[in-house]
Amino acid sequence: MSAARSNTHAQAVDAAIELFTRKGYEQTTVEDIADAAQISRATFFRRFRSKEDVVFADHELLLDAVVVLLGETRPAARGVTPEELENVDPYVEVCKAARLVFDHHVGQRETSVARHRLLQDVPALRDRELVTTHRYERAFTSYLRDTLPADTRHSTASVAFAASVVAVHNAILRRWLRDPEQDLRPELEEAFADLRRAARNPAGPTTEPATASTSPGRTAGEAGDGPPAGAAAAADSTVGAGPTRRVVVTVLDGDADPDEVARAVRDALGA
């Protein structure tokens, strides 16, 4: 994924995050970013519409990569035989796509950590962060509705699983961003395996199929059976008898502060 960042893109994003961190978001101008990235003002605006856009520019690349990855196993994918599609587990594919996002952040450690701190300090950027989160959820939900069995795809199962994967991913990613010396990849895989088990059998626990590979050289069954430490994972959502009743899913670290709780609730509600 990191290779998808062109030199100009990477220079602009990294320069912008560094300047925002050092000078402040409001105090940094587009001209400052262009000078630091050694690009012209015109080049900046060809690639980014605003300062806000450059903060989230990597997510645009990631979203494109997620759509491409999921598209490879959609029913309409070219070059994929019906027999091959029968062996595709949509839940595993969504987890692979989410892991791609996680791995990108880990691979761009300094920029990812600085961006996270910037988002905590600049309230104006938080709404954009929520919008970005919903775009991942929509991509996952759309894929699941195309690939799950007909009796499942249009139920709340696809929405619930997509929201749960994003919520678990974000909860574990935030823990890593606060302490990037940690290796939380195994915990992420374990949490995703829990979500898949819950999605396949909402009424009770079951065993993760050993054939559903979640990472190179590792089967999903190796991810473990226990819930992720510091997070509550759920993958089922139901609609009650009344048309206005909703069940939403959100996941938080045990030490989440009030702002994180509020943002997670708003995210889950789509507010």
Side-chain angles (χ1 to χ4, degrees), residues 1-5 10 13 17 55-70 72 89-120 129-130 132-141 143-144 161-196 199 208 212-220 222-224 227-235 249-253 256 260 263-264 267:
M1 175 60 223
S2 298
R5 296 169 105 225
V13 171
I17 298 297
V55 174
F56 295 94
D58 279 4
H59 280 293
E60 297 300 321
L61 297 179
L62 285 166
L63 280 160
D64 287 345
V66 162
V67 169
V68 169
L69 178 64
L70 295 177
E72 293 173 356
D89 184 332
Y91 294 128
V92 169
E93 297 304 317
V94 167
C95 291
K96 285 181 181 177
R99 192 178 69 232
L100 178 151
V101 180
F102 187 88
D103 288 346
H104 172 84
H105 286 292
V106 172
Q108 303 291 331
R109 173 172 166 168
E110 291 186 7
T111 298
S112 296
V113 170
R115 182 189 291 111
H116 175 67
R117 291 171 181 163
L118 179 66
L119 293 175
Q120 310 313 302
E129 184 185 23
L130 289 175
T132 300
T133 295
H134 287 305
R135 291 176 67 190
Y136 285 110
E137 287 185 20
R138 286 196 296 271
F140 294 161
T141 300
Y143 171 79
L144 290 170
F161 188 79
S164 298
V165 166
V166 171
V168 166
H169 168 277
N170 289 351
I172 295 177
L173 178 61
R174 288 189 187 107
R175 287 178 51 207
W176 176 81
L177 288 166
R178 290 196 292 268
D179 182 7
E181 297 300 326
Q182 303 176 91
D183 178 11
L184 296 183
R185 173 72 173 274
E187 189 169 323
L188 181 73
E189 296 291 354
E190 181 179 342
F192 284 165
D194 286 337
L195 294 182
R196 291 193 295 272
E208 175 84 356
S213 177
T214 59
S215 61
R218 173 180 180 150
T219 63
E222 293 175 320
V249 178
T250 188
V251 178
L252 289 164
D253 295 340
E260 288 180 300
R263 289 168 58 197
D267 185 12

Interatomic distance, SG@Cys95 vs CZ@Phe161, rounded to 0.5 Å, equals 4.0 Å
For Tyr143 and Val94 the tightest heavy-atom approach is CD2-CG2, 3.7 Å
Separation between CD1 (Ile172) and CD (Glu187), nearest 0.5 Å, reads 5.0 Å
- Side-chain contact test, heavy atoms from C-beta onward, threshold under 4.5 Å: evaluate it for Tyr91 versus Leu144 and give yes or no. yes
For His105, the ring-ring contact (aromatic ring centres under 6.0 Å, His included) test, sequence neighbours excluded, returns His59
To the nearest 0.5 Å, atom CZ of Arg175 lies from atom CG of Leu188 at 10.5 Å
Between the CD atom in Glu129 and the NE2 atom in His116, the distance rounded to the nearest 0.5 Å is 8.5 Å
Of all heavy-atom pairs linking Val165 and Ala98, the shortest is CG1-CB, 3.6 Å
Side-chain heavy-atom pair Ser112, Val106 within 4.5 angstrom cut-off:
no
Say whether, by atom type as modelled, one donor and one acceptor occur between the side chain of Glu60 and the main chain of Phe56 under 3.5 angstrom. no
Within a reach of under 6.0 Å around CD of Gln182, are more than 12 heavy atoms found that belong to other residues, nucleotides or ligands?
yes
Review point. Using 4.0 Å as the upper bound for N to carboxylate O, is an ion pair formed by Arg196 and Asp89?
Key: no
Heavy-atom closest pair (Val66 atom, Ala139 atom, distance to 0.1 Å) is CG1-CB, 4.5 Å
Distance col, row Phe102:CZ vs Asn170:CG, nearest 0.5 angstrom, shows 10.5 Å
Between Ala65 and Leu100, the two heavy atoms sitting closest are CB-CD2, 4.2 Å
d(Asp179 CG, Leu184 CG) to nearest 0.5 Å is 8.0 Å
Smallest heavy-atom separation, Ile17 atom then Arg115 atom, equals CG2-N, 3.9 Å
Taking C-beta and beyond as the side chain, do Trp176 and Arg185 meet within less than 4.5 Å on heavy atoms? no
Closest non-hydrogen contact found for Glu137 with Ala162 is O-CB, 3.7 Å
